[in-house]
Amino acid sequence: MQLNQLPEWQALGEHRDEIGERHLRELFAADPERFERLTLRHEGLLLDFSKNRIEARTLELLRNLARACDLETWIERMFAGEPINTTEGRAVLHTALRHRGDTPVMVDGVDVMPAVREVLDKMRAFVAAVHSGEWRGHGGQPITDVVNIGIGGSDLGPVMVSEALKAYRHREIRVHFVSNVDGAHIDETLAGLDPATTLFIVASKTFTTQETMTNAHSARHWLLAALGDESAVARHFVALSTNQGAVESFGIDPANMFEFWDWVGGRYSLWSAIGLSIALALGMDEFERLLEGAAAMDAHFRETPFESNLPVTLALLGIWYHNFLGAETQAIVPYAQNLHRLPAYLQQADMESNGKTATRDGGFVAWDTGPVIWGEPGTNGQHAFFQLLHQGTRLIPVDFIVAARTPYSGEHHELLLANCLAQSAALMRGKTTDEARAEMQAQGLAADEIERLAPHKTYRGNQPSNTLLFEVLDARALGGLIALYEHKIFCQGIVWQVCSFDQWGVELGKQLAGRLLPQIRGAAPDASLDASSAGLLAQLKTWRK
Ligand code: G6Q
């Protein structure tokens, strides 16, 4: 049945009309136990969702909707390895990559766990060899720098995690990431490196991605120009891929290929061999702790009733805002500088998964799907876009992410914590015009000045947020955090009736780039080009002469 025809959907619409714009201040004043009732815990994570525009009844209705959408069955179908990526005919089993213990995980009647463990063992041995200096470059020198060449899912997860956990990094090895086909990225990265001590990881599930292959060939050229011997490639290049034939054609020894499988989607692949750069940056033990944290979140997601299930709760809150209260975006604001790539990572995870209009059964949606995800670390965001959150016209739910303890300076951390708590409180409470007036009176301002400034000093408040408070954001906790968002996105995709696991929307641009490239290189213009593209091409040709 169409989602918006479900009685559970319609009940939510009626409920929205009933509770209207009830202010969060009122909701807190009416219930002294609101915090206790609207918090959930999992390991060293406390999710405070009390600053949301919801009442007990809202949650009940949202859970009814999730049940009407068969969410429980879909969760089981994913974990059981069913081909729920229907447009590509694949299972969706990133959870198998972090599965612990001896129980099998079956895909098409085959237990995938022995192969998963074999690749983890191979990664462990390789990381140890690089870290100990046993793995040497062509000239016999140990490796000092690793360059991961990949894009999208073969880049964003590894960069985000390596940055997030850099307090725990391996001090001897520097890890760099090159993704953009813009020559600036690879040229600037290689400029500071020594070919004799540099190892390249070519990370590409398909091993056909234009940007990655172009960068990999440039890296190969740079290496061979310095070392002058084709056989150097074997000591300076490894591959992470599902495509052994293409890896061999590039000249990489299959012994130096770390395999993964088509049931691992690109944006869910940091848990696979694609995480090799993370393991080299931090050590294999840290990488395994990341997997363990994700596995613990998987177990929580699979086994916990909706009432206390963290991913389900976050997903349903999002549905409330995006489908019933008109919010179009979701801000992700980590109060942790090292999580500076988390918003970009979640942008891909969420927007590539749920930015869809086709329904699973081949129709089109008549409701909003994936929100725009954006954000920056606090406190920096406070000095930039928070003005709009506090006094703009839009409803923007915010996820605040912060840890009680960090390995960094304590005094700075106290300030960071105070700011994080202050922002969510300010967004929730706001400041009435009367309160603004009273403040100015206390400051001794003249009456006409008070009236002139009062509107500008008024904050409407009622801006919702979640706070994800961690005891500490180490590898285990980060693994759990990423899995939490993965599952949140999964739940929303199920409710919105889209296929969250494909990304057909990125193909059209690739096709057009393929047609335009020969014209950029000098071929005659294609008469079927639209006037804007033809005009831009003509100007480019003049300026590039
Ligand atoms: C993610 C997408 C996409 C993909 C890149 C890189 O889910 O599939 O971001 O990861 O296009 O693809 P390759 O790993 O095949 O180079």
Side-chain angles (χ1 to χ4, degrees), residues 78 84-95 97 119 147-161 177-182 185-186 200-220 237-250 252 257-278 341 343-356 370 373 482-483 485-490 492-493 498-514:
M78 174 173 73
I84 58 168
N85 175 354
T86 47
T87 65
E88 297 178 311
R90 293 173 185 165
V92 177
L93 262 186
H94 42 283
T95 50
L97 299 166
V119 174
V147 182
N148 186 83
I149 299 178
I151 195 164
S154 300
D155 170 72
L156 282 161
V159 183
M160 184 274 282
V161 173
F177 293 88
V178 171
S179 52
N180 202 322
V181 76
D182 183 348
H185 207 173
I186 189 147
F200 291 97
I201 300 177
V202 186
S204 178
K205 181 175 168 181
T206 54
F207 231 74
T208 56
T209 303
Q210 187 187 52
E211 293 93 328
T212 300
M213 289 301 114
T214 305
N215 280 323
H217 281 287
S218 297
R220 194 174 188 278
F237 276 84
V238 300
L240 321 175
S241 190
T242 57
N243 185 351
Q244 185 171 331
V247 168
E248 282 182 69
S249 318
F250 183 88
I252 297 177
M257 169 176 149
F258 298 80
E259 189 194 5
F260 60 111
W261 308 274
D262 71 358
W263 42 264
V264 182
R267 55 191 171 277
Y268 308 98
S269 65
L270 73 88
W271 321 99
S272 72
I274 289 291
L276 185 66
S277 54
I278 301 173
R341 293 302 284 162
Y345 171 79
L346 292 177
Q347 238 164 24
Q348 179 189 31
D350 204 323
M351 295 168 79
E352 206 166 49
S353 297
N354 288 339
K356 313 271 164 77
I373 305 292
I482 303 167
Y485 277 107
E486 282 178 348
H487 296 321
K488 169 200 165 173
I489 294 162
F490 169 87
Q492 293 187 331
V498 297
C499 177
S500 301
F501 318 108
D502 59 22
Q503 55 283 316
W504 298 106
V506 302
E507 295 303 320
L508 176 60
K510 287 189 200 168
Q511 284 167 7
L512 291 181

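Order of appearance sets the numbers: ligands from 1, and atoms from 1 within every ligand.
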Query raised in the report: Ring centres of Phe237 and Phe250 under 6.0 Å apart?
Result: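 Centroid separation for Phe237 and Phe250: below 6.0 Å.
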
**Report entry** Trace of the side chain to side chain contact (heavy atoms under 4.5 Å, CB included) decision for Asn215 with Ile151
**Finding:** CA-CA 10 Å; Asn215 280 323; Ile151 195 164; over 6 Å; no

**Report entry** Flag, side chain of Lys356 to backbone of Asp502, donor-acceptor distance under 3.5 Å
**Finding:**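 Checked: pair present.
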
Query raised in the report: Taking everything shown except Arg90 itself, do over 12 heavy atoms lie less than 6.0 Å from its CZ?
Result: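 It does: Arg90 CZ has more than 12 such atoms within range.
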
Query raised in the report: Hey, which residues fall under 4.0 Å of ligand 1 on heavy atoms?
Result: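 For ligand 1, the contacting residues are Ile151, Gly152, Gly153, Ser154, Ser204, Lys205, Thr206, Thr209, Gly266, Arg267, Gln348, Glu352, Gln503.
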
Query raised in the report: Pick one: which of Leu240, Asn148, Val119 meets side-chain contact (heavy atoms from CB on, under 4.5 Å) with Leu276?
Result: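 The passing option is Leu240.
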
Report task. State, to 0.1 Å, how close Gln492 and Asn354 come at their nearest heavy-atom pair, and which atoms those are. Result ->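 Minimum heavy-atom separation between Gln492 and Asn354: CB-ND2, 3.9 Å.
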
